[in-house]
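Down below is the structure, laid out as structure tokens.
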Amino acid sequence: MIEVGILTEEQKDLLVGQEFMVDVYFNPVQDINDNWFISVEEMDQCVNENFMWVKDLELIDYQPKLL
Amino acid sequence: MAARPFAYKPFSYNPLLTAPTGTINIDTLCIGVSPLEYSANPGGLTWWMGPDEDNSYVIAKDVSTTNFPTPVGDVGNVQFWRSTNTDEAFRSLVQTISGTSQASATAASEWLLTNGYWTNYDAQAFISAAVIVNATEKTAIDTLVNGLKADSLWEKMLAIYPFVGSSGATCKYNLKNPLDTDAAFRLNFQGGWTFSANGATPNGTTAYANTYFIPSNNWFGGSSSISAYSRTNNVETGNVWGTRAGASSTLFSCTLNSTGNLTACYHNTNASTSLAGTTSAVNIISSRISTSAQIQGINGTNQSNASNESASFSSNPIYLSAINFSGTASSYSTRELAFAHIGTGLTQAQCTSLYNRIQTFQTTLNRQV
């Protein structure tokens, strides 16, 4: 099962449009339960000192939103 | 000592138009792109070594009268020019050669190609912008550009993404116009990507790349093409590329080896003929040279299908590794990308030629599938 880092609405707003490494940007997405999350790749690869807190996000199982 | 992969190249006038193995022709100018014994006159041609290309933009043109002044007499069959490696110096040099005003370095390069000249400007400009330092990657880029020009494909390309350099900062650049701007169709990587010498891998949950290429702004009916080189073999419903704006008739997307091992490219339409295949580790291409038919191909084997193109195209930018569904990314892919292009329409023969050049590029980088 794929895990992702769950975000609050406020945390999501902080991350949108921000770089987590050079030329790669956070992309918060909603899951099937409308939880905002980022991927573990974004958490692990983040080198932006303003957002190092993403490394401590709680992990949940990824449940994609149905189209 | 570090390798100098293409510090010099040999050139010759080749009125026969058939390029000897290991060389390419641009009109009647033959360029040596492989390490041959050029002093032995391969192809029956007399070869002349070009100027040092390091930190320089070089231009070459064949001299059909074979009497260009050289240190050994008026016997030269190629003339060379060289500028420092700045856009302004290159543009100025081409203005002198052409006797015409050139609006930009890119326009100057296009003038040279149209008029049978060779230049290293395009490859070097990309390598400089992306700060590519690996000698093999430099050689692969140089050979790719020369090959596309030799096949008259370069002018069909609007964006080329070679995915080299192993980072977002290098993979983002468009080889056709390596400026760090949205207008130059530089990629904008969103979400979880992993970069390596093999390309760029999206995570299938949050990752996509915005090309900033808007079909309704940049394409006309009956002339468009796109391709992607996937190194991942799996079955999934994620889109390799995609955009749609409202009406389903604006759909422009590709699902590769989806459920039932079917590949479907929707090319400005809501109908598609699926291709069968049992792997997604392929080069997939979709092209239109008419509004009533679509060419689809996998690994250079192409077929033309009846397919009516919508009168209106998507007004949303094309995303790679997801579909831009009315402004929101969805149907994320996990396929590692090692090449992609967006261009004007290609014939079946041109699709095959493009695949061959792409595969040579991947083989040079030891990442072919």
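Ranked by heavy-atom pairs under 4.5 Å with chain B, the list A:Glu19, A:Gln45, A:Glu42 is led by A:Glu42. Of the residues considered (B:Ala207, B:Ser167, B:Gly192, B:Gly191), B:Gly191 shows the highest number of contacts with chain A, using heavy-atom pairs under 4.5 Å.
The aromatic ring centroids of B:Phe195 and B:Phe189 lie less than 6.0 Å from each other. Two rings, from B:His267 and B:Phe252, have their centers less than 6.0 Å apart.
Taking every heavy atom of both residues into account, B:Ser166 and B:Cys171 meet most closely at N-SG, 4.4 Å.
B:Asn257 and B:Ser280 share no donor-acceptor pair across their side chains, judged by distance under 3.5 Å alone.
Contact of A:Phe26 with chain B is made through the backbone alone, with heavy-atom distances under 4.5 Å. Heavy atoms closer than 4.5 Å to chain A are found nowhere in B:Phe325, neither backbone nor side chain. Proximity to chain B is absent for every atom of A:Met43, based on heavy atoms less than 4.5 angstrom apart.
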Using side-chain contact (heavy atoms from CB on, under 4.5 Å), reason through B:Tyr319 and B:Gln190 one step at a time and then give a plain yes or no. CA-CA 10 Å; B:Tyr319 287 172; B:Gln190 295 279 330; over 6 Å; no

